[in-house]
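Take a look at the structure set out below.
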Number of protein chains: 2
Amino acid sequence: MKMQQTAEGVARPAGRPRSEKAEKAIIDATLDLIGEGIGVAELSIEAIAARAGVGKTTIYRRWSNKEDLVVDAMASLKPPIPLPEQGASVRDALVTYLRVIRDESSQVRTRCIMNIAMSDAERHPRLAERFREIAVEPRRRAVAAVIQRGIETGELRPDLDAEMAMAILSGTMMWHMKWAHQDRQPSDDLAERIVDEALKGFRPRPGED
Amino acid sequence: MKMQQTAEGVARPAGRPRSEKAEKAIIDATLDLIGEGIGVAELSIEAIAARAGVGKTTIYRRWSNKEDLVVDAMASLKPPIPLPEQGASVRDALVTYLRVIRDESSQVRTRCIMNIAMSDAERHPRLAERFREIAVEPRRRAVAAVIQRGIETGELRPDLDAEMAMAILSGTMMWHMKWAHQDRQPSDDLAERIVDEALKGFRPRPGED
DNA sequence: TGATTTCGATACGCTTGAGTTTCGCAACGC
DNA sequence: GCGTTGCGAAACTCAAGCGTATCGAAATCA
């Protein structure tokens, strides 16, 4: 594979360059299929190639196995974290955050992707790590910042454990979305109710401090 | 298929009766394989038959497809709910409850089964329904009873929403077990810390009532 | 123009597992 | 003993999908 020098000095291989469009089509097809409820195990390279309108060779030239492809596909997801506006109250910021989780959890596509992240993660550590990195950590940091600010303004208890608060807020919403929506869709004010309930324990106790 | 009358008057088919031992072996093998991390998609009848020391025909005679078998296997699980002793305080009862969840979530086998229940549930509604029925509902009721008692004794706020409390307790523990144990195993006092944090919001506010 | 590489398409050999059938034996009631 | 049904084992057909190879066309650079 001879290299050639471009004007910018970047080495590039001779011959026809790889198609970025094909690459994107492959990633999109993978996410589409996953979003339709196909698990990693059932996911076939042939189906991805067909969906992407691409030859199998084009896939194998880029990824040597299915797991690598799925990891890259998951990593390509840009999590829509509308970071809570810094001007709002802690309550409003947390409500906004939980509303995002609720809305995402209502979409079949997001739920399927989350299922894969959570379930197949047991067998594919790299996938779990990547998902944590792109989807969990940024949010954890965002919530931690909100909580830190709340502590500084006195809206929250000074000894509040941000990690615990994060777990309570996210965990409670996830539990509701997973196990409580069997008969009815989530009520519109679910985010508010969770935040208000949690804040009962998060706020400073009157008569203390 | 001719029927015959037993002494008890129960109709039973002619010929050799089906082996309960084989049936149990099939169920056990299924749960074993699932517990080892085999997903429903990769789970093969052949592997189950081999593991159970049974012919494939013996499986097909009882279950017409894989989903039916998995549903029955999951349903055979007796969830170990050590119902909190009624004498203990609400705090102790809830700590006991969360400890059970934590201990279960630490076992690979239980985690695999839960993963299947939660993830494959999206595609297999009967499986989700059954799991909810045998694993979620009994616990929900147990916790609801504890909370009801706490409200009656004045240990908890009279307007506390039992459903919300359940979601907070279980959801928070599940979140921790799923996303917080990446670097270290759960601390021994995790159950206590969650309950104490939650109770800060669950107890009556001083000066109110 | 020629060398090189990628493109999509198609075909190929191979493995896995589904679901069925057949076999000889075992367990039951009569 | 006889009829019936279940048993495990093995063989079978069939389909899906893997990973590789080959094809002619297209894209890029020297």
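Note on naming: letters A, B, ... go to the chains in the order of the sequence lines (proteins, then strands), and numbering restarts at 1 for each one. Note that the coordinates shown come from a computational prediction; the quantities given were computed from them, not determined experimentally.
A close approach under 4.0 Å does occur between a side-chain nitrogen or oxygen of A:Thr58 and OP1 or OP2 of C:dG8. Taking only side-chain nitrogens and oxygens, A:Arg18 never comes nearer than 4.0 Å to OP1 or OP2 of C:dT4. Not one side-chain nitrogen or oxygen of A:Arg62 sits closer than 4.0 Å to the OP1 or OP2 atom of C:dT6.
Within 6.0 Å of the CD atom in A:Glu20, the count of heavy atoms belonging to other residues, nucleotides or ligands does not exceed 12.
Distance CD (B:Glu23) to P (D:dG6): 12 Å, rounded to an integer number of Å. B:Leu69 has its CG atom 11 Å from the P atom of C:dA18, to the nearest Å. Rounded to whole angstrom, the span from the CZ atom of B:Arg61 across to the C1' atom of C:dA26 amounts to 13 Å. For the pair A:Lys66 NZ and D:dG19 C1', the computed distance is 13 Å after rounding to whole Å. C:dG8 atom C1' lies 12 Å from atom NZ of A:Lys21, rounded to whole Å. Atom pair B:Asn65:CG and C:dT20:P shows a separation of 11 Å (rounding to whole Å applied). Rounded to whole Å, the distance from OH on A:Tyr60 to P on C:dT5 is 23 Å. The nearest whole Å value for the distance from the CD1 atom in A:Ile38 to the P atom in D:dA16 is 14 Å.
Mapping B:Leu43 and A:Ala22 onto DNA chain C via the closest heavy atom, the residue that lands nearer the 5' end is A:Ala22.
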Seminar exercise, completed: With sugar-phosphate taken as primed atoms, P, OP1 and OP2 and all else as base, the protein-contact string of nucleotides 9-16 of chain C at under 4.0 Å (heavy atoms; B, S, -) is B-------
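Looking at A:Arg62 and A:Asp72, no side-chain N of the basic residue comes within less than 4.0 Å of a carboxylate O on the acidic one, giving no salt bridge. Using a 4.0 Å cut-off between a side-chain N of Lys or Arg and a carboxylate O of Asp or Glu, A:Arg123 and A:Glu67 do not qualify as a salt bridge. At a threshold of 4.0 Å, the pair B:Asp68-B:Arg126 counts as salt-bridged, since one of the basic side-chain nitrogens sits closer than that to a carboxylate oxygen. Using a 4.0 Å cut-off between a side-chain N of Lys or Arg and a carboxylate O of Asp or Glu, A:Arg140 and A:Glu163 qualify as a salt bridge. Looking at A:Glu192 and A:Arg91, no side-chain N of the basic residue comes within less than 4.0 Å of a carboxylate O on the acidic one, giving no salt bridge. Under the 4.0 Å criterion applied to side-chain N and carboxylate O atoms, A:Glu133 and A:Arg130 are assigned as salt-bridge partners.
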Name the pairs: protein N/O against N/O of nucleotides 24-27 of chain D, kept only if under 3.5 Å.
unit_1	atom_1	unit_2	atom_2	d
D:dA26	N3	A:Arg16	NH1	3.2

Side chains of residues 164-175 of chain A: which donor-acceptor partners sit under 3.5 Å, not counting sequence neighbours?
unit_1	atom_1	unit_2	atom_2	d
A:Ser170	OG	A:Tyr97	OH	3.0
A:Ser170	OG	A:Met166	O	3.2
A:Thr172	OG1	A:Ile168	O	2.5

Problem set entry | Check against side chain to side chain contact (heavy atoms under 4.5 Å, CB included), A:Val90 and A:Phe202 | CA-CA 11 Å; A:Val90 166; A:Phe202 291 175; over 6 Å; no
